[in-house]
Number of protein chains: 2
Amino acid sequence: MDVAVAAGVSQATVARCFNTPEVVAPGTRQRIEAAAGRLGYVPNAIARSLKSQSTNIVGAVVPAVGEYWQNVVTGFSRCLTASGRQLLLFSFLDQADVDDTLEAVAQYRLDGLILASATIAEAQLARMRQTGLSLVAFNHPDAAGIVPSVTVDNEAGSAELARHLADLGCARVLYVGGVAAASTDRARFRGAARTLASAGATCNYMEAGAFTYEAGYKAADRVDQMDSLPDAIMVGGDEVAFGMLDGLRQYGITAPEDLLMTGFDGLPQASWAGYDLTTLVQPAEQLAEHAAELAARGLDTPSDVVPPSVVVAGTLRRGRTTRRDEGPPARPQSRPGRGCGPQSRASR
Amino acid sequence: MDVAVAAGVSQATVARCFNTPEVVAPGTRQRIEAAAGRLGYVPNAIARSLKSQSTNIVGAVVPAVGEYWQNVVTGFSRCLTASGRQLLLFSFLDQADVDDTLEAVAQYRLDGLILASATIAEAQLARMRQTGLSLVAFNHPDAAGIVPSVTVDNEAGSAELARHLADLGCARVLYVGGVAAASTDRARFRGAARTLASAGATCNYMEAGAFTYEAGYKAADRVDQMDSLPDAIMVGGDEVAFGMLDGLRQYGITAPEDLLMTGFDGLPQASWAGYDLTTLVQPAEQLAEHAAELAARGLDTPSDVVPPSVVVAGTLRRGRTTRRDEGPPARPQSRPGRGCGPQSRASR
DNA sequence: TGCAAGGATGAATACGTATACATAGAATCG
DNA sequence: CGATTCTATGTATACGTATTCATCCTTGCA
């Protein structure tokens with residue numbers, strides 16, 4: 001090593017100087033640091049990783065599209081950077097690309113891998129568990145029991161939203177899910193349906209087709225064509241809810257005037273004044289931290305042990321979209337002002 | 001190597017089998033592949049990187065917050081993944097953290113590093129150029145000439161927006177920037193001011209303080225308190241514009257009714273029906289591709305040569321916020337049997 | 001049949017680091 | 001002052017791969 005000869009010491013001493021400085025004599029240390037500075041030496045993390053069998057890098061496989069996932073990625077990054085680790089990011093557009101991606105991932109000996117997607121098949125999860133790679137599923141409730149898993153409490157959160165609606169007197173609720181195959185979607189619907197049923201309210205399901213704004217916007221068509229509007233719409237994701245809100249407005253249907261609406265996720269946009277959506281806020285920071293922690297912990301648990309899973313409670317955010325006007329409560333149940341002219345929207 | 005002994009060959013042959021399969025005998029190859037499959041062997045990218053002195057990883061240092069940056073990150077990821085490379089992501093909240101981050105970055109021998117931030121000091125850029133790391137500045141016009149740089153044509157784009165406003169008859173325009181110190185902000189204001197001046201219109205500057213929704217929302221207060229409203233507001237970034245729109249609505253000021261408004265960036269949300277903002281769309285995919293390409297090209301250019309820079313033109317998106325009502329609104333295509341139906345809002 | 005050419009494979013080495021072990025000098029203690 | 005412990009450092013090795021060089025076997029051709 002250049003630095004070693006420049007400082008007149010052995011390579012081993014240089015290594016010690018950077019890892020355990022306290023064991024090297026002050027004079028020597030100074031000489032080494034001077035030489036290193038002069039030569040612009042920086043330790044090679046690749047070589048270190050090879051030797052130490054640990055890269056200090058955590059990988060994350062995340063869908064390439066969607067506001068929610070973008071937020072999640074940021075959360076991972078912040079959290080890992082804070083703890084001195086690095087984030088290797090993989091985005092995928094199509095579920096089919098995940099396989100290829102994972103193959104590439106496996107070559108880097110990551111300290112852990114976060115799998116963020118609610119639609120990875122359970123069989124695939126089990127298979128990946130065998131690779132010896134320490135992985136953790138994020139936002140995929142059904143993965144719990146197969147691999148370590150981190151999620152918000154989808155069912156309880158949705159139940160909380162439903163309770164909120166029931167308390168406001170909603171009797172007919174429509175649940176608009178993103179993708180019925182997503183385990184998050186199912187859990188959320190479960191929580192809503194159960195709670196509403198016990199409150200004597202109905203809860204039908206409609207699938208938007210994707211967790212995107214466009215899907216919500218399009219689904220508004222189908223809502224508009226219903227014989228009668230529901231009292232409230234629970235949307236399975238905030239971004240879909242934004243689309244639904246904008247789509248319904250196209251037909252003159254607004255929240256909370258014509259119906260109430262809730263979302264799920266607690267995206268930053270939910271608190272934008274333009275939407276001001278009632279939603280369940282996922283504790284992003286906390287979730288990311290748990291995921292990173294669990295991923296880096298290594299796969300100490302043998303394959304036959306049920307892996308640890310973390311479920312964190314979300315927080316209800318009350319926005320305009322479920323705010324009952326404190327005016328005359330005897331507002332007709334049928335769409336008010338639907339006849340003509342701008343509706344109550346102008347009252348704000 | 002386990003696989004080697006299992007297949008009864010040498011480690012060298014195994015390596016060949018994975019890199020240049022055509023030079024190894026079909027029978028041997030089959031045996032090796034069988035053994036590899038049985039033992040769950042996957043090549044070690046760390047060791048490969050150490051030997052080949054190239055990691056196949058591109059790093060990106062990106063601000064942790066803001067819709068725009070989240071989109072950029074996704075763009076990088078998609079683009080790199082498509083070309084078989086990996087993305088090592090670093091987010092920073094505070095500009096001061098960048099130094100620490102870069103120190104960590106340097107240890108991994110990345111193939112290239114993308115520096116995404118419009119506020120990195122030029123001195124620091126020059127210093128980093130010396131590290132031998134191949135880097136490219138993203139969205140930082142002032143960096144051109146110091147390090148390779150990739151940006152949208154901020155000045156021309158802003159000029160195009162300004163021209164659009166001038167054509168619509170705006171004589172008094174307010175430019176609301178994000179951060180005056182950002183080189184993008186300055187370039188955009190330059191383009192706007194120049195064009196408007198030559199059209200005989202005025203263009204004052206107001207600083208929102210950050211490229212965030214909240215900053216725009218708060219800045220709306222100051223707009224409301226102006227003696228008279230401008231004909232149009234050019235906002236330096238879409239996210240700020242969203243905040244401005246929502247903030248102004250609070251005071252009963254809406255676009256395009258009371259004033260026109262433009263943004264900059266072309267975020268997905270700009271085409272959401274709730275905003276439908278006129279903006280300059282950055283060709284995200286193309287920009288990301290250029291950045292990745294340039295970063296991975298390596299630092300073949302010596303320090304004294306002016307590095308290549310890429311400037312890509314953006315595209316004007318015309319939204320509602322600069323739509324002059326074409327006189328008495330034509331009867332909107334109201335849906336049959338729905339009474340008077342939705343108002344002009346639904347007129348597309 | 002003998003020899004050259006080529007194809008397939010093995011042996012050896014280097015990449016830059018961490019670390020166990022060995023060594024030498026200094027310091028401590030009886 | 002000799003024996004002993006401790007401290008600072010050097011030596012050697014291993015991590016898993018790519019690659020050069022050498023070797024051996026096959027094949028074609030005279």
Side-chain angles (χ1 to χ4, degrees), chain A residues 1-36 39-57 84 86 103-111 131-133 298, chain B residues 1-36 39-57 84 86 103-111 131-133 298:
Chain A
M1 177 44 46
D2 302 341
V3 178
V5 304
V9 299
S10 78
Q11 175 266 326
T13 305
V14 174
R16 273 188 283 259
C17 185
F18 278 84
N19 297 316
T20 51
E22 63 275 12
V23 305
V24 45
T28 313
R29 187 158 79 204
Q30 217 163 11
R31 243 177 11 207
I32 294 177
E33 280 166 356
L39 299 180
Y41 166 81
V42 306
N44 186 325
I46 302 294
R48 192 212 330 266
S49 298
L50 181 59
K51 177 63 184 166
S52 65
Q53 304 289 65
S54 128
T55 52
N56 206 27
I57 296 179
Q86 315 299 342
E103 205 159 332
V105 171
Q107 308 207 177
Y108 295 84
R109 299 299 199 257
L110 303 177
D111 285 1
T131 64
L133 179 57
Chain B
M1 177 43 48
D2 302 341
V3 178
V5 305
V9 298
S10 77
Q11 174 265 326
T13 306
V14 174
R16 273 187 283 259
C17 185
F18 278 83
N19 298 314
T20 51
E22 63 274 11
V23 304
V24 42
T28 313
R29 187 157 79 203
Q30 218 162 13
R31 241 178 13 208
I32 293 178
E33 280 165 356
L39 299 180
Y41 165 81
V42 306
N44 186 324
I46 301 295
R48 192 209 331 265
S49 297
L50 180 60
K51 177 66 184 161
S52 65
Q53 304 288 66
S54 127
T55 52
N56 206 26
I57 296 178
Q86 315 299 343
E103 204 160 334
V105 170
Q107 310 207 178
Y108 295 84
R109 299 298 198 260
L110 304 177
D111 285 2
T131 64
L133 178 58

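Chain letters run A, B, ... following the sequence lines, proteins first, then strands; residues in each count from 1.
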Chemist: Over its full length, what angle do the end axes of the helix from C:dT1-D:dA30 to C:dG30-D:dC1 make, each axis taken from five pairs and the result rounded to 10 degrees?
Modeler: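 Axis angle across the helix from C:dT1-D:dA30 to C:dG30-D:dC1, nearest 10°: 50°.
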Chemist: I need the CG-P distance between B:L50 and D:dC15, as an integer number of Å.
Modeler: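 Rounding to the nearest Å, CG of B:L50 and P of D:dC15 are 14 Å apart.
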Chemist: Output yes when at least one side-chain N/O atom of B:S52 is less than 4.0 Å from OP1 or OP2 of D:dA18, else no.
Modeler: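 So the side-chain polar atoms of B:S52 never come under 4.0 Å of the phosphate oxygens OP1 or OP2 of D:dA18.
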Chemist: With sequence neighbours excluded, what pairs up with B:T55 under the side-chain hydrogen bond (donor to acceptor under 3.5 Å, both in side chains) test?
Modeler: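 Applying side-chain hydrogen bond (donor to acceptor under 3.5 Å, both in side chains) to B:T55 gives B:D111.
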Chemist: Please work out if A:S10 contacts a base, only the sugar-phosphate, or nothing of the nucleic acid, heavy-atom cut-off 4.0 Å.
Modeler: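 Base contact.
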Chemist: With a non-hydrogen cut-off below 4.0 angstrom, is B:A25 in contact with a base, only sugar-phosphate, or nothing?
Modeler: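 Sugar-phosphate: the residue B:A25, judged by heavy atoms under 4.0 Å, touches backbone atoms but no base.
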Chemist: Rounded to the nearest Å, what distance is computed from the CD atom of residue B:Q107 to the P atom of nucleotide C:dG16?
Modeler: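 It is 15 Å, rounded to the nearest whole Å.
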Chemist: Side chain to side chain contact (heavy atoms under 4.5 Å, CB included) with B:A35: which residues, sequence neighbours excluded?
Modeler: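 Only B:V3, B:A6, B:A7, B:R38 meet the side chain to side chain contact (heavy atoms under 4.5 Å, CB included) criterion with B:A35.
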Chemist: Which sits closer to the 5' end of DNA chain C, B:R109 or B:A12, going by the nucleotide each is nearest to?
Modeler: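 Checking each residue's closest nucleotide, the 5'-ward one belongs to B:A12.
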Chemist: Does A:T13 put a side-chain nitrogen or oxygen below 4.0 Å from OP1 or OP2 of D:dG10?
Modeler: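 Result: yes.
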Chemist: Counting C-beta onward and ignoring hydrogens, is there a side-chain heavy-atom pair between A:Y41 and A:I32 closer than 4.5 Å?
Modeler: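 SC-SC contact between A:Y41 and A:I32 ruled out.
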Chemist: On DNA chain C, nearest-nucleotide positions of B:V9 versus A:P43: which is more 5'?
Modeler: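 It is B:V9, whose closest nucleotide lies nearer the 5' terminus.
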Chemist: Just the rounded figure in Å: distance from C1' of C:dA8 to CZ of B:R16.
Modeler: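 Rounded to whole Å, this separation is 8 Å.
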Chemist: I need the CD-C1' distance between B:Q53 and C:dA14, as an integer number of Å.
Modeler: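 In whole Å, C:dA14 C1' lies 10 Å from B:Q53 CD.
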Chemist: So, do B:S49 and B:R109 sit near enough that their side-chain heavy atoms are less than 4.5 Å apart?
Modeler: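 No - every pair of side-chain heavy atoms lies 4.5 Å or more apart.
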Chemist: Round to the nearest Å and state the distance from B:Q11 atom CD to D:dT19 atom P.
Modeler: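 Rounded to the whole Å, the gap is 12 Å.
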